[in-house]
Amino acid sequence: MSIEEKRDQLVEELIPFEDHLERFAYVIERAKDAPGLEQEYKIDTFLIKGCVSQLWIFPKFEDGKCFFQADSDASITKGTATLLCELYSGEIPQDVIDLEPDFLSEVGITQHLSPNRRNGLTGVRDKIKSYAQHCLGITEKS
């Protein structure tokens with residue numbers, strides 16, 4: 001499945017919720033099903049700055065593809081970060097860099113986040129994109 005198809009699938013899952021509270025409940029439920037990070041990865045290196053909650057993004061690069069895992073002490077924060085991690089995991093660095101997560105506003109997620117949570121979400125995207133740029137440099141040197 002391409003990154004665009006994954007994006008479209010996420011939109012299809014989230015758009016049917018007419019009420020933003022129901023949508024957030026769904027996102028939180030998805031976060032509960034997502035595995036958390038081991039304690040050894042909950043360190044400053046992976047901590048997202050600017051987020052009110054504690055939020056970590058753990059990146060990995062295998063077989064030319066980027067993978068991301070999120071964890072947070074707040075359910076909604078973990079849920080929204082997990083959506084981004086799911087979208088970008090298993091993708092080549094250039095696709096991660098190129099595709100912006102505009103679907104979150106399309107389905108009504110970002111509009112209902114507090115400014116601090118939006119900052120955290122921006123931090124997640126920045127961390128993911130930065131890691132993909134680093135990985136792109138690795139693949140270009142190979």
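Sequential numbering from 1 along the given sequence is applied to the chain's residues.
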Heavy atoms of S75 and A31 approach each other most closely as O-CB, 4.0 Å

Any non-hydrogen side-chain atom of K78 less than 4.5 Å from a side-chain atom of L55? no

With sequence neighbours left out, the residues meeting side chain to side chain contact (heavy atoms under 4.5 Å, CB included) with A74 are S53, S72, T77, R117

Taken in chain and number order and not counting sequence neighbours, the residues that satisfy side-chain hydrogen bond (donor to acceptor under 3.5 Å, both in side chains) with D98 are Q94

In short, L14 meets Y26 closest at the heavy-atom pair CD2-CD2, 3.6 Å

- Should L113 and V52 be regarded as members of a common hydrophobic cluster, given that ILVMFWY residues are connected when their side-chain heavy atoms come within less than 4.5 Å of each other, either directly or indirectly? no

A81 and A70 have their tightest heavy-atom pair at CB-CB, 3.7 Å

Any donor and acceptor pair, going by atom type alone, linking the side chain of Q69 with main-chain N or O of C85 inside 3.5 Å?
no

What one should report as the nearest heavy-atom pair of I76 and V27 is CD1-CG1, 4.5 Å

E29 meets the salt bridge (Lys or Arg N to Asp or Glu O under 4.0 Å) criterion, sequence neighbours left out, with K32

* To do: Determine yes or no for a side-chain-to-main-chain donor-acceptor pair under 3.5 angstrom, with D73 supplying the side chain and Q54 the backbone.
  => yes

By ring-ring contact (aromatic ring centres under 6.0 Å, His included), Y88 pairs with (sequence neighbours left out) none

In the structure I gave you, are the side-chain heavy atoms of D33 and T82 within less than 4.5 Å of one another anywhere? no

Discussion item. Test of understanding: clusters of I, L, V, M, F, W, Y form through side-chain heavy atoms closer than 4.5 Å, transitively. Do L37 and I43 belong to the same one?
Written reply: yes

- Message: Determine whether L99 and L87 satisfy the following criterion, side-chain contact (heavy atoms from CB on, under 4.5 Å), listing intermediate values before the conclusion.
- Response: CA-CA 10 Å; L99 186 71; L87 174 64; 4.1 Å; yes

Taken to the nearest 0.5 Å, the spacing of L10 CG from I15 CD1 works out to 11.5 Å

Review point. Within the side chain of Q133, is there an N or O that forms a donor-acceptor pair under 3.5 Å with the backbone of I97?
Key: no

With sequence neighbours left out, the residues meeting ring-ring contact (aromatic ring centres under 6.0 Å, His included) with F103 are none

Query - Pairwise side-chain contact, L84 with L121, heavy-atom cut-off 4.5 Å (strictly under) - result: yes

The ring-ring contact (aromatic ring centres under 6.0 Å, His included) partners of H20 (sequence neighbours excluded) come to H112

dist F17:CZ -> R23:CZ (nearest 0.5 Å) comes out at 8.0 Å

Taken in chain and number order and not counting sequence neighbours, the residues that satisfy side chain to side chain contact (heavy atoms under 4.5 Å, CB included) with E100 are R125, K129

Contacts satisfying ring pair (Phe, Tyr, Trp, His ring centres under 6.0 Å) that involve residues 54-84 (not counting sequence neighbours) are Y41-F58, F46-F58, F68-Y131

Salt bridge (Lys or Arg N to Asp or Glu O under 4.0 Å) filter on R7, not counting sequence neighbours, yields D102, E106

Distance col, row D8:CG vs E4:CD, nearest 0.5 angstrom, shows 8.0 Å

Nearest heavy-atom contact between G64 and P93 is O-CD, 3.5 Å

Contacts of D95 meeting side chain to side chain contact (heavy atoms under 4.5 Å, CB included) (sequence neighbours excluded), chain-then-number -> I3, E91, I92

Contacts satisfying salt bridge (Lys or Arg N to Asp or Glu O under 4.0 Å) that involve residues 52-70 (not counting sequence neighbours) are K60-E62

Contacts satisfying salt bridge (Lys or Arg N to Asp or Glu O under 4.0 Å) that involve residues 37-56 (not counting sequence neighbours) are K42-D71

Scanning both residues in full, the closest heavy-atom pair of T45 with K127 reads O-NZ, 2.9 Å

To the nearest 0.5 Å, atom CD1 of I128 lies from atom OG of S89 at 7.5 Å

